[in-house]
Amino acid sequence: MLEAAGMTWVASNWRCAAGELDLVMQQGEMMVCVEVKVRTGSSRGTAEEAVTPSKAAKLLETSTWFMAEHFPEAEPVWRIDLVAITLDHTGKVVRRTHIENAIETG
């Protein structure tokens, strides 16, 4: 899905004191931090709804930390995307959504 959008893999499950980034991809000159949320059914809400304001703030802080560590001499252009996946009770993917710039970076 992300590769089809022209992105290339940079890192996965990157951790720091601020938190964890599920994926970091690159799309041209743009660095893209990707939060992946998976839910089975919708009884606990949708995968998109799982990104609360506190989770969004943590993603912003963690992404800022990643950019500072990996690009100390530059100011890369970056955004945070969300990939939301819904599974049925058997584990089959019934919906997959990619939301670009899902969390405002400032």
Side-chain angles (χ1 to χ4, degrees):
M1 167 188 252
L2 298 175
E3 289 86 0
M7 295 186 196
T8 56
W9 178 88
V10 174
S12 54
N13 303 111
W14 184 84
R15 292 179 175 89
C16 68
E20 179 180 0
L21 297 175
D22 293 333
L23 293 169
V24 180
M25 307 290 284
Q26 186 167 3
Q27 186 176 37
E29 297 295 315
M30 175 80 65
M31 297 303 298
V32 183
C33 299
V34 182
E35 176 68 7
V36 179
K37 289 293 184 189
V38 180
R39 291 289 181 267
T40 301
S42 60
S43 63
R44 293 180 23 220
T46 66
E48 292 89 344
E49 293 170 332
V51 180
T52 63
S54 64
K55 177 63 175 176
K58 191 171 201 170
L59 286 167
L60 281 167
E61 183 179 2
T62 306
S63 298
T64 300
W65 194 311
F66 180 90
M67 297 307 154
E69 183 175 301
H70 289 83
F71 303 98
E73 303 298 321
E75 293 184 27
V77 178
W78 58 278
R79 69 175 193 252
I80 301 173
D81 288 5
L82 172 65
V83 171
I85 301 170
T86 304
L87 308 175
D88 68 12
H89 68 282
T90 66
K92 179 182 175 191
V93 175
V94 294
R95 188 173 62 87
R96 182 178 13 222
T97 306
H98 174 206
I99 302 170
E100 289 187 11
N101 207 29
I103 298 168
E104 292 296 322
T105 57

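These numbers were taken from a predicted model, which means no experiment stands behind them.
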Seminar exercise, completed: Between Thr46 and Glu49 the two heavy atoms that sit nearest each other are N-OE1, 2.8 Å
For this session: Treat each ILVMFWY residue as a node, draw an edge where side-chain heavy atoms are under 4.5 Å apart, and state whether Val36 and Leu82 are in one component.
Result: no
Exercise. Considering all heavy atoms of both residues, which atom of Leu21 and which atom of Phe66 are nearest to each other, and what is their separation?
Worked result: CD1-CB, 3.8 Å
Seminar exercise, completed: Rounded to the nearest 0.5 angstrom, the NZ-OG1 distance for Lys37 and Thr86 is 13.0 Å
Exercise. For atom CD of Glu69, is the number of surrounding heavy atoms from other residues, nucleotides or ligands below 6.0 Å larger than 12?
Worked result: yes
For this session: Look up atom OG1 in Thr64 and atom CG in Leu59, then write down how far apart they are to the nearest 0.5 Å.
Result: 10.5 Å
Exercise. Can you pull the salt bridge (charged side-chain N to carboxylate O under 4.0 Å, His left out) pairs that have at least one residue in residues 17-30, sequence neighbours excluded?
Worked result: Arg15-Glu20
Exercise. Given Met7, which of Val24, Leu23, Asp81 fulfils the side chain to side chain contact (heavy atoms under 4.5 Å, CB included) condition?
Worked result: Asp81
Exercise. What distance do His98 atom NE2 and Leu2 atom CG have between them, rounded to the nearest 0.5 Å?
Worked result: 5.5 Å
Exercise. Would you say Val32 and Trp14 are hydrophobically clustered, going by side-chain heavy atoms of ILVMFWY under 4.5 Å?
Worked result: no
Problem set entry | Straight-line distance of Glu3 CD to Thr8 OG1, nearest 0.5 Å | 8.5 Å
For this session: Check the surroundings of atom CZ in Arg96: do more than 12 heavy atoms from other residues, nucleotides or ligands lie under 6.0 Å from it?
Result: no
Seminar exercise, completed: Contacts of Thr40 meeting side chain to side chain contact (heavy atoms under 4.5 Å, CB included) (sequence neighbours excluded), chain-then-number -> Leu87
Exercise. Hey, quick one: are Met31 and Val34 part of the same hydrophobic cluster, counting side-chain heavy atoms closer than 4.5 Å, chains of contacts allowed?
Worked result: no
For this session: For the pair Gln26 (side chain) and Gly28 (backbone), establish whether a donor and an acceptor sit closer than 3.5 Å, ignoring hydrogens and angles.
Result: yes
Seminar exercise, completed: Between Ala47 and Val38, the two heavy atoms sitting closest are CB-N, 4.5 Å
Exercise. Would you call Lys55-Glu35 a salt bridge at under 4.0 Å N-O?
Worked result: yes
Exercise. What distance separates Ile103 CD1 from Leu60 CG, expressed to the nearest 0.5 Å?
Worked result: 6.0 Å
Seminar exercise, completed: Scanning both residues in full, the closest heavy-atom pair of Met25 with Val10 reads C-CG2, 3.9 Å
Exercise. Would you say the ring centroid of His70 lies under 6.0 angstrom from that of Trp78?
Worked result: no
Exercise. Can you hop from Met30 to Ile99 via hydrophobic side chains spaced under 4.5 Å?
Worked result: no
For this session: For Gly19 and Lys58, work out which heavy atoms get closest and say how close.
Result: CA-CE, 4.1 Å
Problem set entry | Rounded distance (nearest 0.5 Å) linking atom CD of Glu100 with atom CZ of Arg79 | 4.0 Å
